[in-house]
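Numbers for residues simply follow the sequence, beginning at 1. Each ligand, and each atom within it, is numbered from 1 in the order the structure gives.
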Amino acid sequence: MGKSIKIFDTTLRDGEQSPGCSMNLKEKLQLAKQLEKLNVDIIEAGFAAASPGDLLAIKEVAGVIENTTVASLVRTHKDDIDKAWESVKGAVSPRIHTFIATSPIHMEYKLKMSPEAVMDRAEEMVKHAKKYLSDIEFSAEDATRSDVDFLAKIFTRVINAGATTINIPDTVGYTTPEEYYDFLMKIRGKCPALDKVDISVHCHNDLGLGVANSLSAIRAGATQIECTINGIGERAGNASLEEIAMVLNTRKDIYPYTVNIDTTQIMRSSELLSSITGVKVQPNKAIVGANAFAHESGIHQHGMLSNKETYEIMTPESVGLSENKLVLGKHSGKHAFNDKLITMGYTLTKEELAEAFTRFKDVADKKKEVHERDIDAIVSRQNVAVPKEVELERFVINIGNTITSTAIVKMKAGNKSIEKVSTGDGPIDAAFKAIEKIVGKKLKLEDWSMDSVTEGKDALGDATVKLREIGNENSNVYIGRGLSTDIVEASVKAYVNAVNKMIYEEKQEEQIG
Ligand code: KIV
Ligand code: ZN
């Protein structure tokens with residue numbers, strides 16, 4: 001096998017900064033642990049100087065990751081680099097990633113700096129970072145619209161100053177595969193020092209070419225690819241990790257390189273991210289879309305029955321999609337449940353297992369058959385749960401097509417039980433309004449959606465709500481998820497989950513100050 005290609009995941013940084021994808025501390029930790037299971041080589045955990053909360057999150061990620069390199073992104077400013085070091089110094093394998101823009105338009109209008117000053121700053125800051133650690137990545141932001149001779153000069157200087165990875169990003173998603181190949185080959189020709197370090201690429205997807213450009217870069221000598229789960233990221237997103245990993249695995253004849261990704265963890269990583277952010281992937285998304293392995297046409301199904309390879313270039317199992325096997329029922333005990341979790345690749349602590357088993361029993365009571373997808377939904381939801389400051393005790397709703405819906409909701413808040421009544425435009429609206437009265441907050445429901453986890457009339461309903469606080473201009477959007485065979489109950493649980501996230505984050509912000 002040829003050289004090895006490092007996968008640098010930036011879901012927690014470039015991904016997290018895209019609209020609707022922000023994550024709280026618990027969610028970042030959960031995702032980071034999953035990225036380690038996926039076996040990425042580098043986890044970019046955040047932008048250290050963005051806020052004290054971001055710095056803390058990187059620090060916490062650095063503290064729980066056991067083998068993978070943890071990177072912290074910062075501008076080429078002395079204070080920022082100090083913050084980056086503060087955030088990753090606890091990691092087993094820390095990296096500082098520093099960047100400055102190099103294109104004429106960015107240098108003139110954004111940085112208001114001359115090319116000479118940009119070059120001096122880059123060199124000086126790499127030297128500063130080098131005082132802290134050896135693993136330093138330097139990025140030339142907007143590289144694909146930069147002058148090749150200028151890039152060759154700045155790269156030579158930062159490599160001599162100690163940079164060990166040079167990233168040549170297509171920040172605005174402008175280049176094309178052929179152009180990028182030629183561009184990278186030209187830079188390599190003009191900067192022989194690049195042969196001593198890792199060449200990284202970071203391709204945005206504005207023209208839908210993020211993955212194609214990354215693959216072209218590998219052929220031009222790149223040894224590190226920056227990408228995100230489900231392709232999330234600024235604007236149209238970044239190159240999608242799962243697509244790159246599966247191209248490299250499926251087409252070894254064209255790309256004879258070693259890649260460390262455990263592809264069987266792809267589906268779980270994609271689902272966990274969607275579950276955290278509430279941003280679902282389109283059904284026809286390559287690799288992780290609901291239809292990616294579905295064969296609908298009669299001719300295709302006939303072919304598949306004779307020989308799967310007629311229409312299947314990779315197996316669903318290779319990305320971790322299991323057949324949706326019937327696994328357990330309401331008589332299954334804790335042992336059987338735990339055994340099943342282990343075969344599905346989950347390792348839960350004693351407390352997590354106890355909670356998952358209670359949730360499983362709750363589902364199994366209402367649903368005769370519990371499938372692997374139900375278990376995935378139960379466990380992934382629980383893992384990203386925040387402390388339950390408020391908890392649903394019960395609700396009763398009176399509905400009909402000729403009356404106004406009325407909901408009575410009782411919830412536990414601390415050691416008090418509070419009950420409130422509200423009318424509303426339908427049962428869900430009435431219940432949401434009653435919860436608002438209980439928690440004493442004015443909330444705006446930005447979005448509500450319902451999916452089903454499996455097929456069948458007793459399928460689990462999977463509700464997602466997005467809400468923000470009215471009157472608080474700094475309010476984030478909080479995403480709540482709820483599962484139940486009853487869609488009103490699933491919605492109420494999702495709403496309560498979002499409220500708990502809001503309270504959790506408010507407390508975190510107070511603590512950080
Ligand atoms: O798109 C980009 O150029 C970036 C850099 C900061 C690496 O995200
Ligand atoms: Zn980017």
**Q** Are R95 and E44 close enough for a salt bridge, meaning some N to O gap below 4.0 Å?
**A** no

**Q** Can you list the atoms of ligand 1 that are under 4.0 Å from a heavy atom of E141?
**A** 3 (O)

**Q** Which atoms of the protein, restricted to N, O or S, are nearer than 2.8 Å to the Zn ion (ligand 2)?
**A** D14 OD2, H202 NE2, H204 NE2

**Q** With atoms numbered from 1 as shown, which atoms in ligand 1 lie under 4.0 angstrom from a non-hydrogen atom of S139?
**A** 7 (C)

**Q** With a cut-off of 4.0 Å, which atoms of ligand 1 are near a heavy atom of P169?
**A** 3 (O)

**Q** Answer yes when E226 and R13 have at least one side-chain N-carboxylate O distance shorter than 4.0 Å, and no when they do not.
**A**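 Not counted as a salt bridge, because no side-chain N and carboxylate O are separated by less than 4.0 Å.
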
**Q** Quick one: do the D142 and Y174 side chains pair a donor with an acceptor below 3.5 Å?
**A** no

**Q** Looking just at side-chain N and O atoms, do N238 and T228 make a donor-acceptor pair shorter than 3.5 Å?
**A** no

**Q** If only atom types and distance count, is the side chain of T98 paired as donor or acceptor with the main-chain N or O of F138 below 3.5 Å?
**A** no

**Q** Go through the side-chain N and O atoms of T11 and D9 and say whether any donor and acceptor fall under 3.5 Å apart.
**A**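 On atom types as modelled, these side chains qualify, holding a pair under 3.5 Å.
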
**Q** Only heavy atoms of H204, strictly under 4.0 Å: list the atoms of ligand 1 that pass.
**A**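 Ligand 1 atoms under the 4.0 Å threshold to H204: 1 (O).
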
**Q** Looking just at side-chain N and O atoms, do S475 and E469 make a donor-acceptor pair shorter than 3.5 Å?
**A** no

**Q** Between E44 and ligand 1, which residue portion shows a heavy-atom distance shorter than 4.0 Å: side chain, backbone, both, or neither?
**A**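 Answer for E44: neither.
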
**Q** What's the verdict on salt bridge (Lys or Arg N to Asp or Glu O under 4.0 Å) for D462 and R481, showing C-alpha distance, side-chain angles and the deciding distance?
**A** CA-CA 7 Å; D462 183 357; R481 306 293 298 268; 3.1 Å; yes

**Q** Given that the side chain starts at C-beta and the backbone is N, CA, C, O, which of these parts of N167 lies under 4.0 Å from ligand 1, counting heavy atoms, or is it both or neither?
**A**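 Answer for N167: side chain.
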
**Q** Using a cut-off of 6.0 Å, state whether more than 12 heavy atoms not belonging to R219 lie near its atom CZ.
**A** no

**Q** Pull out every atom of ligand 1 sitting under 4.0 Å from any heavy atom of D14, numbered as shown with elements.
**A** 8 (O)

**Q** Without hydrogens or angle criteria, can the side chains of S240 and E242 be said to hold a donor-acceptor pair below 3.5 Å?
**A**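 Distance-only check passes for S240 and E242.
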
**Q** Among all protein heavy atoms, pick out the one at the shortest distance from atom 4 (C) of ligand 1; state its residue, atom name and that distance to 0.1 Å.
**A**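 Answer, as residue, atom name and distance: H202 NE2, 3.4 Å.
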
**Q** Looking only at protein heavy atoms, which one is nearest to atom 3 (O) of ligand 1, and how far off is it?
**A** T171 OG1, 2.6 Å

**Q** So which protein heavy atom does atom 5 (C) of ligand 1 come closest to, and at what separation?
**A** R13 NH2, 4.0 Å

**Q** Honestly, is R268 close enough over Y346, meaning NZ or CZ under 6.0 Å from the six-membered ring centre and within 45° of the axis?
**A** yes

